[in-house]
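Report on one structure; see the data block that follows.
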Amino acid sequence: MVIETLSIVVKEGFSDQVAQRFSAEAAVEKAEGFVDLSVLVKKARKGEEEIIVMIRWENEAMWKQWELSEPHLEGHRQERKHGKPDFVLSSKSDVYTVKAVKKP
């Protein structure tokens with residue numbers, strides 16, 4: 001399993017707007033190998049809020065297939081065209097390979 005995380009820091013008061021965007025129905029849900037998507041919000045400090053979007057994939061090949069897919073690339077083209085909202089202070093993406101999972 002592979003987990004992609006997006007960490008987005010926004011001005012205070014805007015985390016719900018970002019969470020709603022990632023909670024809405026999207027093409028990623030139909031992608032082969034998509035397991036699930038979670039949206040986490042952390043009120044880090046006054047003036048800023050952090051949102052973590054965690055997307056789980058069956059394996060690295062499925063994640064790479066999504067990264068190169070037309071729906072994913074079109075989403076990034078639209079983002080570049082419109083630019084990031086001014087309330088977004090920073091963002092970064094990371095990918096992790098799951099090495100262990102514990103369940104009850």
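Below, each value reflects all heavy atoms present in this structure, side chains not excepted, and no hydrogens, waters or symmetry copies.
The distance from the CZ atom of Phe34 to the CE atom of Met62 is 13.5 Å, given to the nearest 0.5 Å. Atom CH2 of Trp57 is separated from atom CD of Gln65 by 8.5 Å, given to the nearest 0.5 angstrom. Expressed to the nearest 0.5 Å, how far CG of Asp36 lies from CZ of Arg56 amounts to 4.0 Å. Atom CZ of Arg21 and atom CG of Asp16 lie 15.0 Å apart (nearest 0.5 Å).
Salt-bridge check for Lys30 with Glu25: passed, with a basic side-chain N closer than 4.0 Å to an acidic carboxylate O.
Cluster annotation: Val2 is connected to Val28 through the hydrophobic network of ILVMFWY side chains, with a link wherever side-chain heavy atoms come within less than 4.5 Å. There is no path of hydrophobic side-chain contacts, each under 4.5 Å, that joins Ile3 to Ile8. Cluster annotation: Tyr96 and Val101 are assigned to distinct hydrophobic clusters (Ile/Leu/Val/Met/Phe/Trp/Tyr, side-chain heavy-atom contacts under 4.5 Å, transitive). Both Ile55 and Trp66 belong to a single network of hydrophobic side chains, linked directly or stepwise wherever heavy atoms of I, L, V, M, F, W or Y lie under 4.5 Å apart.
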* To do: Run the numbers on Val53 and Thr5 for side-chain contact (heavy atoms from CB on, under 4.5 Å), then give the verdict.
  => CA-CA 5 Å; Val53 179; Thr5 62; over 6 Å; no
* To do: List the steps and the verdict of side chain to side chain donor-acceptor pair (under 3.5 Å) for Glu60 and Thr97.
  => CA-CA 8 Å; Glu60 187 174 0; Thr97 301; 5.1 Å; no
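Looking at every heavy atom in both residues, Ser7 comes nearest to Glu50 through OG-OE2, 2.9 Å. Heavy atoms only, all atoms of each residue included: Val10 and Ser15 are closest at CG2-N, 3.8 Å.
The closest side-chain heavy-atom distance from Glu12 to Glu48 is not below 4.5 Å. Contact check for Lys42 versus Ile52: no side-chain heavy atoms found under the 4.5 Å cut-off.
Residues meeting the side chain to side chain donor-acceptor pair (under 3.5 Å) test with Arg77, sequence neighbours left out: Glu70, Glu74. By the side chain to side chain contact (heavy atoms under 4.5 Å, CB included) test, Val39 pairs with Ala19, Phe22, Ser23, Leu37, Ile51, sequence neighbours left out.
Glu49 contributes no side-chain N or O that, together with a main-chain N or O of Val41, makes up a donor-acceptor pair within less than 3.5 Å. Of the possible polar contacts, one joining the Glu29 side chain to the Ala26 backbone as a donor-acceptor pair under 3.5 Å is found.
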Please output the side-chain donor-acceptor pairs of residues 82-93 that fall under 3.5 Å, not counting sequence neighbours, one pair per line with the distance.
residue: His82; atom: NE2; partner: Gln78; partner atom: OE1; Å: 3.3
residue: Lys84; atom: NZ; partner: Ser91; partner atom: OG; Å: 2.6
residue: Ser93; atom: OG; partner: Glu4; partner atom: OE2; Å: 3.4

